[in-house]
Amino acid sequence: MKEIIYLDTDLMNSMLAQLDEGLINSFSLEQSNQKSESAGQQSVRGKSAGLKGQVEASTGFFPGGGLRLNASIGNNGTESTNESTTILEGQKDVLNKAFHDHALEVLTRKLNEKNLLCKGDQLNEGDLYLEESRYRFYDFALLKKAIDPDTMKEILLFDANQLGISYETAKKIIDKPKPNAREREMMETAYRVVSMHKQIQPIIDLFKQMNTFSNLASNLLEDLSVIKASDKIGLLKKKYLRESPEALSFRTDNSRKVKLLMRVIGKKERVYTDGDMPNFKENDLDIIPNLLLDIILGSFSILKEGDLIVTPIAIYYE
């Protein structure tokens, strides 16, 4: 029984369409009749009014004329009815997932039958490969939320903040050549506050650097996450994840292996770092995003020289 956590249905359907039987277009499934029915009736009533007038001349005792008015009021209206029946979105999602899960079974079977899955370590660009491995999952949008230098600073300086002296005040007391009596009483506390700030500063600096990298990576990989399994690294489209990035971040332990169906698209012969940037030419704008990803992923040792770049098709536990 497969527990699917990622399935690129576009790639899967494309591969099935290229096999001899084409796309699966029918399946049997016990369905519950979940539907939403609505009916309504609408009535509109209105009034139509008319006004008629008549002017008459008078030859009576007083010369002049007379004016006579009369009015009429009528009614008009319309009536309409509507009815609709729709399948609930929840039922559509269940049916789609059941169809796709079955299609993945068919795809893996056909790939095995036609010997289209490569075996061994010698993989080339375009090869299809099924591997069972432990993996690491990286979502930089989630990392961006988690790595907040200001929040971390407040947490690490909780004890220092309880001493009642700010860092600025404590620094002034220590640096003052001739402190007064009250400042001398506060001297010991001031040293503790300054010492605590110095101890946590390297951690805050690291968080600031990581936050900068996370912001950049989150912008570059707006709708993508990164997965690393052994020496293979690929980008996951978030819309095809069966679980949220938050949930997957708790599942990347070493106790359970996952199966990855993927296509090899290249090999990383060289990883550029921030101190090893190549000379740019006028027509090299297209390589800048890749260089930035090299710097970010290489800085965290996610991407290494010799890694295979892959396109994941399906990731599941079995």
Side-chain angles (χ1 to χ4, degrees), residues 1-16 19 23-24 27-31 89-121 123 126-143 145-146 221 223-265 297 300-304 307-318:
M1 183 69 69
K2 290 181 174 62
E3 182 185 353
I4 300 173
I5 62 175
Y6 179 82
L7 181 60
D8 190 328
T9 54
D10 288 339
L11 286 177
M12 177 184 68
N13 289 336
S14 175
M15 294 172 66
L16 282 171
L19 296 172
L23 279 173
I24 300 172
F27 60 94
S28 60
L29 178 70
E30 182 179 351
Q31 302 180 30
E89 288 298 324
Q91 186 185 12
K92 291 180 183 178
D93 187 57
V94 170
L95 295 177
N96 285 335
K97 282 185 170 59
F99 172 69
H100 294 148
D101 290 4
H102 175 60
L104 177 59
E105 291 281 352
V106 174
L107 176 62
T108 53
R109 185 180 73 245
K110 288 185 175 295
L111 291 176
N112 278 308
E113 289 174 352
K114 295 178 179 293
N115 294 318
L116 294 176
L117 292 177
C118 296
K119 298 176 174 62
D121 298 328
L123 297 175
D127 287 346
L128 291 169
Y129 188 67
L130 180 63
E131 178 181 77
E132 186 174 15
S133 173
R134 297 180 177 88
Y135 72 99
R136 302 298 298 269
F137 175 80
Y138 305 92
D139 185 81
F140 287 94
L142 179 61
L143 192 62
K145 297 177 184 177
L221 307 174
D223 298 315
L224 301 169
S225 299
V226 177
I227 189 170
K228 180 71 179 288
S230 60
D231 62 341
K232 301 166 186 67
I233 184 169
L235 297 178
L236 303 178
K237 303 170 186 176
K238 291 184 182 180
K239 66 179 180 178
Y240 294 128
L241 288 173
R242 292 285 182 90
E243 298 185 18
S244 67
E246 291 82 0
L248 284 176
S249 66
F250 285 98
R251 301 190 65 159
T252 54
D253 53 29
N254 294 322
S255 60
R256 194 179 182 191
K257 292 184 178 181
V258 72
K259 284 192 173 182
L260 298 97
L261 176 61
M262 52 196 151
R263 185 189 296 276
V264 178
I265 60 175
L297 299 179
F300 293 110
S301 296
I302 300 173
L303 180 63
K304 299 178 180 178
D307 283 348
L308 291 176
I309 311 300
V310 301
T311 297
I313 301 166
I315 303 172
Y316 54 92
Y317 292 103
E318 193 171 46

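Keep in mind it's a predicted model, so treat the numbers as computed, not measured.
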Is any NZ, NE, NH1 or NH2 atom of the basic residue among [X] and [Y] found under 4.0 Å from an Asp or Glu carboxylate oxygen of the other?
X	Y	value
K304	D231	no
E113	R109	yes
D101	R242	yes

Would you give the length of the straight line joining atom [atom1] of [X] to atom [atom2] of [Y], rounded to the nearest 0.5 angstrom?
X	Y	atom1	atom2	result
L130	N112	CG	CG	7.5 Å
M15	D8	CE	CG	10.5 Å
F137	L248	CZ	CG	5.0 Å
L11	Y240	CG	OH	7.5 Å
L104	L261	CG	CG	7.0 Å
L143	S225	CG	OG	11.0 Å

Taking every non-hydrogen atom, the tightest pair across S230 and E131: OG-OE1, 3.3 Å

Can you see which heavy atom on P312 is nearest to which on V310, and at what distance? CD-O, 3.5 Å

Under the criterion side-chain contact (heavy atoms from CB on, under 4.5 Å), I'd like the reasoning laid out for I233 against Y138: C-alpha separation, chi angles, the key distance, then a yes or no. CA-CA 11 Å; I233 184 169; Y138 305 92; over 6 Å; no

Step-by-step side-chain contact (heavy atoms from CB on, under 4.5 Å) determination, L308 to K232: CA-CA 5 Å; L308 291 176; K232 301 166 186 67; 4.1 Å; yes

side-chain contact (heavy atoms from CB on, under 4.5 Å) between L236 and I315, worked out: CA-CA 10 Å; L236 303 178; I315 303 172; 3.7 Å; yes

Hey, does [Y] have a side-chain heavy atom less than 4.5 Å from the side chain of [X]?
X	Y	answer
M12	L7	yes
K110	E105	no
L142	E246	yes

Within the distance-only criterion (no hydrogens, no angle test), does the side chain of [X] pair as donor or acceptor with the backbone N or O of [Y] below 3.5 angstrom?
X	Y	result
K228	I302	yes
R263	G126	yes
D127	L123	no
D307	L303	no

Taking the cut-offs as 6.0 angstrom to the six-membered ring centre and 45 degrees off its axis, would you call K259 and Y316 a cation-pi pair? no

Sorted by chain and number, sequence neighbours left out, side-chain contact (heavy atoms from CB on, under 4.5 Å) with L116 holds for L19, L111, K114

Tell me, please, which residues at least two apart from L224 pass side-chain contact (heavy atoms from CB on, under 4.5 Å). L221, L235, K237

Should the ring pair Y317 and Y135 be called parallel, tilted or perpendicular, given that the plane angle runs from 0 to 90° and is split at 30 and 60?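 Plane angle between 30° and 60°, so tilted.
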
K145 atom NZ, neighbour heavy-atom count above 12 within 6.0 Å: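 At most 12 heavy atoms, drawn from other residues, nucleotides or ligands, come within 6.0 Å of this atom.
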
With side-chain contact (heavy atoms from CB on, under 4.5 Å) as the test, would you mind laying out the steps for L260 and I227 before giving the verdict? CA-CA 10 Å; L260 298 97; I227 189 170; 3.9 Å; yes

